[in-house]
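What follows is one structure encoded as structure tokens, with my remarks underneath.
Here, residue 1 is the first one in the sequence, and each next residue gets the next number. Heavy atoms only: backbone and side chains are in, while hydrogens, waters and symmetry mates are out.
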Amino acid sequence: MAAASSSSPPAAITCRAAVAWGPGQALVMEDVEVAPPGPMEIRVKVVSTSICRSDVNQWQNTAQPDLFPRIFGHEASGVVESVGEGVTEFQVGDHALTVFIGECMSCKHCVSGKSNMCQKLGLERKGVMHSDQMTRFSIGGKPVYHYCAVSSFSEYTVVHSGCAVKVSPTMPMDRICLLSCGVSAGLGAAWNVADITKGSSVVIFGLGTVGLSVAQGAKLRGASKIIGVDTNPDKKEKGKAFGVTDFINPGELNEPVQQVVKRLTDGGADYSFECVGDTGVVSTALQSCSDGWGLTVTLGVPKAKPEVSAHYGLLLSGRTLKGSLFGGWRPKSDIPSLVEKYANKEIQVDELVTHDMPFSDINKALELMLENRCLRCVIHMPK
């Protein structure tokens, strides 16, 4: 499929996409029509997309049955195929990462320097584009909904130019795609949100891609003790490669996890991270950190029971609970520095990819994630 000429307005194109027709239903390869990019939008030929746990959770989620058919996927890299009116940052042929939150550079949050919660291009939950609340995908003239305004389980997708980051064409697309969500979320939680200090103690609940990225962030900051908590015994060895010094499997304990953590850290960890997506674990993580200054950061997106409950005494005693979205990174301002760190071999990314699979095997990749038999499956689009 030829790229649009820069001198002629882009037209609609037809491509293959893995479409979810209902919650938890196997994805179906369909011919979808992808509209031209609107003002300030770009159309991207997806090269690689990795499967994030949040893709799986939302695919299975029955709370929004009206948002089907839908194309999931958000952790991706690709090549700009065409640009919409007003786009000056990107040109046809540029390599880019898609990001699930954008940076408009002009709203209250973007100019504050304190937040990545862009008011114009924040987390999109309605299955449409930010600009006009419409979809860019259709089958037989009927809309197909987006996911996080990215939808990378498609050979082509349309994103707002503020939700994409230009990268060097020398970067391996099938690895840096992890920087568009999971790896960045973990590193940012350790560096930006918690601001881990040298010699400190850290406990991480959940050693998936995000949790292991927190671990390497803690290691790079010089934490002296990094405790990993996971029910999968295979994560013990994997954790060591990312800096985990102690491993706890809750299934092998006859006492609460927090009691073991307190013994290992002389009363509680300095920093605690919830990377599971379970609000019950948030309370455990809070109980595992120290009185007086203990900080708990929650990164996971819960599948059920979104409310967090904790005894007020935990906060009264000086603990702090903070949330973290995308590790506090401002996508366009900050992600290029992470790409540079990857290029300089300062951060581990490749080691998190456990499977490389063709687009045609995307349902097998989802099964691996459901069965907890992978960290990141990278899906390779047809060339």
Notebook entry, point to check: Is the Y147 ring parallel, tilted or perpendicular to the H74 ring (thresholds 30°, 60°)?
Noted result: perpendicular
Next item on the list: Would you check if the side chain of D174 reaches a backbone N or O of S48 as a donor-acceptor pair within less than 3.5 Å?
Entry: no
Notebook entry, point to check: Under 3.5 Å, side chain of K332 to main-chain N/O of A164, donor-acceptor pair present?
Noted result: yes
Notebook entry, point to check: How about C148 and L123: do any of their side-chain heavy atoms sit closer than 4.5 Å?
Noted result: yes
Note to self: With clusters defined by side-chain heavy atoms of hydrophobic residues (ILVMFWY) lying less than 4.5 Å apart, directly or transitively, does M171 cluster with V80?
What the structure shows: no
Margin query: Are F100 and F326, when compared by the centres of their aromatic rings, separated by less than 6.0 Å?
Written below: yes
Check: Quick check: does any side chain N or O of T354 sit under 3.5 Å from a backbone N or O of C374, one acting as donor and the other as acceptor?
Finding: no
Note to self: Let's go through F137 and H146 carefully: what are the C-alpha distance in whole Å and the side-chain angles of both, what is the deciding distance for side-chain contact (heavy atoms from CB on, under 4.5 Å) to 0.1 Å, and is it a yes or a no?
What the structure shows: CA-CA 8 Å; F137 298 106; H146 297 244; 3.5 Å; yes
Checklist line | Worked check of side-chain contact (heavy atoms from CB on, under 4.5 Å) between V260 and E255 | finding: CA-CA 8 Å; V260 180; E255 62 181 324; 3.6 Å; yes
Notebook entry, point to check: Side chains of N372 and R53: donor-acceptor distance under 3.5 Å anywhere?
Noted result: yes
Check: Okay, side chain of N363, backbone of L27: is any donor-acceptor separation there less than 3.5 Å?
Finding: yes
Notebook entry, point to check: Going from OH on Y145 to CD on E124, what distance comes out if it is rounded to the nearest 0.5 angstrom?
Noted result: 11.0 Å
Notebook entry, point to check: Do you know the tightest heavy-atom contact between F273 and A189?
Noted result: CE2-O, 3.6 Å
Item checked: Atom pair SG/CG of C118 and L121 - distance to nearest 0.5 Å -> 4.5 Å
Checklist line | Aromatic ring proximity, centroids under 6.0 angstrom, F359 and H380 | finding: no
Notebook entry, point to check: Knowing that exactly one of L178, I379, L179 qualifies, which makes a side-chain contact (heavy atoms from CB on, under 4.5 Å) with E75?
Noted result: L178
Item checked: Taking every non-hydrogen atom, the tightest pair across H109 and S115 -> ND1-OG, 2.8 Å
Checklist line | Side-chain donor/acceptor of D55 to backbone N/O of I51, under 3.5 Å | finding: no
Next item on the list: For residues T231 and P233, report the shortest heavy-atom separation together with the two atoms involved.
Entry: O-CD, 3.3 Å
Note to self: I'd like to know if the side chain of W59 and the backbone of Q25 have a donor-acceptor N/O pair within less than 3.5 Å.
What the structure shows: yes
Check: Tell me, do K166 and H95 make a side-chain contact under 4.5 Å, heavy atoms counted?
Finding: no
Notebook entry, point to check: Got a donor-acceptor contact below 3.5 angstrom from the Q216 side chain to the L220 backbone?
Noted result: no
Check: So, E103 side chain and S333 main chain: donor-acceptor pair closer than 3.5 Å or not?
Finding: yes
Item checked: Working for side-chain contact (heavy atoms from CB on, under 4.5 Å), residues V79 and V44 -> CA-CA 5 Å; V79 178; V44 176; 5.8 Å; no
Note to self: Between D66 and R70, does any side-chain N to carboxylate O distance fall below 4.0 Å?
What the structure shows: no
Check: Is R43 reaching over with its side chain to a backbone N or O of V34, donor-acceptor style, under 3.5 angstrom?
Finding: yes
Next item on the list: Would you confirm whether T245, through its side chain, and I226, through its main-chain N or O, come within 3.5 Å as a donor-acceptor pair?
Entry: yes
Check: If you draw a 6.0 Å radius around CD in E85, do more than 12 non-hydrogen atoms from other residues or ligands fall strictly inside?
Finding: no
Next item on the list: Check the side chains of S106 and K120 for a donor-acceptor pair under 3.5 angstrom, ignoring hydrogens and angles.
Entry: yes
Note to self: Under a plain distance cut-off of 3.5 Å, with no hydrogens placed, do E274 and T296 share a side-chain donor-acceptor pair?
What the structure shows: no
Next item on the list: Please test L316 against L314 for side-chain contact (heavy atoms from CB on, under 4.5 Å), starting from the C-alpha separation and ending with a verdict.
Entry: CA-CA 6 Å; L316 195 64; L314 294 172; over 6 Å; no
Next item on the list: Establish, from distance only, whether the side-chain atoms of W329 and N116 form a donor-acceptor pair under 3.5 Å.
Entry: no
Check: Hey, are D270 and S201 close enough side-chain-wise for a donor-acceptor pair under 3.5 Å?
Finding: yes
Next item on the list: State plainly whether the residues K238 and E351 are in salt-bridge range, i.e. N to O under 4.0 Å.
Entry: no
Notebook entry, point to check: With the threshold set at 4.0 Å, does a side-chain nitrogen-carboxylate oxygen contact exist between D278 and K305?
Noted result: no
Check: Hey, does L187 have a side-chain heavy atom less than 4.5 Å from the side chain of L338?
Finding: yes
Next item on the list: Kindly compute the distance separating OG (S82) from CD1 (I42), expressed to the nearest 0.5 Å.
Entry: 9.0 Å
Next item on the list: Heavy atoms only: give me the nearest V244-A215 pair and the separation to one decimal.
Entry: CG2-CB, 4.0 Å
Margin query: I'd like to know if the side chain of Q58 pairs up with that of S54 as donor and acceptor (distance under 3.5 Å, no hydrogens or angles considered).
Written below: no
Check: With a 3.5 Å cut-off and no angle check, do the side chains of S161 and E89 form a donor-acceptor pair?
Finding: no
Note to self: Does any part of the side chain of F205, heavy atoms only, come nearer than 4.5 Å to the side chain of C275, both counted from C-beta?
What the structure shows: no
Note to self: Atom CE of residue position M29 - does it have more than 12 heavy atoms of other residues, nucleotides or ligands inside 6.0 Å?
What the structure shows: yes
Check: Looking just at side-chain N and O atoms, do S131 and E41 make a donor-acceptor pair shorter than 3.5 Å?
Finding: yes
Notebook entry, point to check: Can a salt bridge be assigned to the pair R373 and E367 using a cut-off of 4.0 Å between side-chain N and carboxylate O?
Noted result: no
Item checked: Stepwise side-chain hydrogen bond (donor to acceptor under 3.5 Å, both in side chains) test for E30 and W21 -> CA-CA 11 Å; E30 303 278 9; W21 287 93; 3.0 Å; yes
Check: Would you say the side chain of I248 lies within less than 4.5 Å of the side chain of L264, judging by non-hydrogen atoms?
Finding: yes
Margin query: Using side-chain heavy atoms (C-beta onward) and a distance below 4.5 Å, is V32 in contact with V19?
Written below: yes
Margin query: So L253 and Q259, do their side chains get closer than 4.5 Å, heavy atoms only?
Written below: no
Next item on the list: Check S283 against S309 and note the closest heavy-atom contact, atom names and distance.
Entry: CB-O, 3.5 Å
Note to self: Quick one, V203 and T265 - any side-chain contact, counting heavy atoms below 4.5 Å?
What the structure shows: no
Notebook entry, point to check: So, D356 and R175, do they make that salt bridge, N to O below 4.0 Å?
Noted result: yes
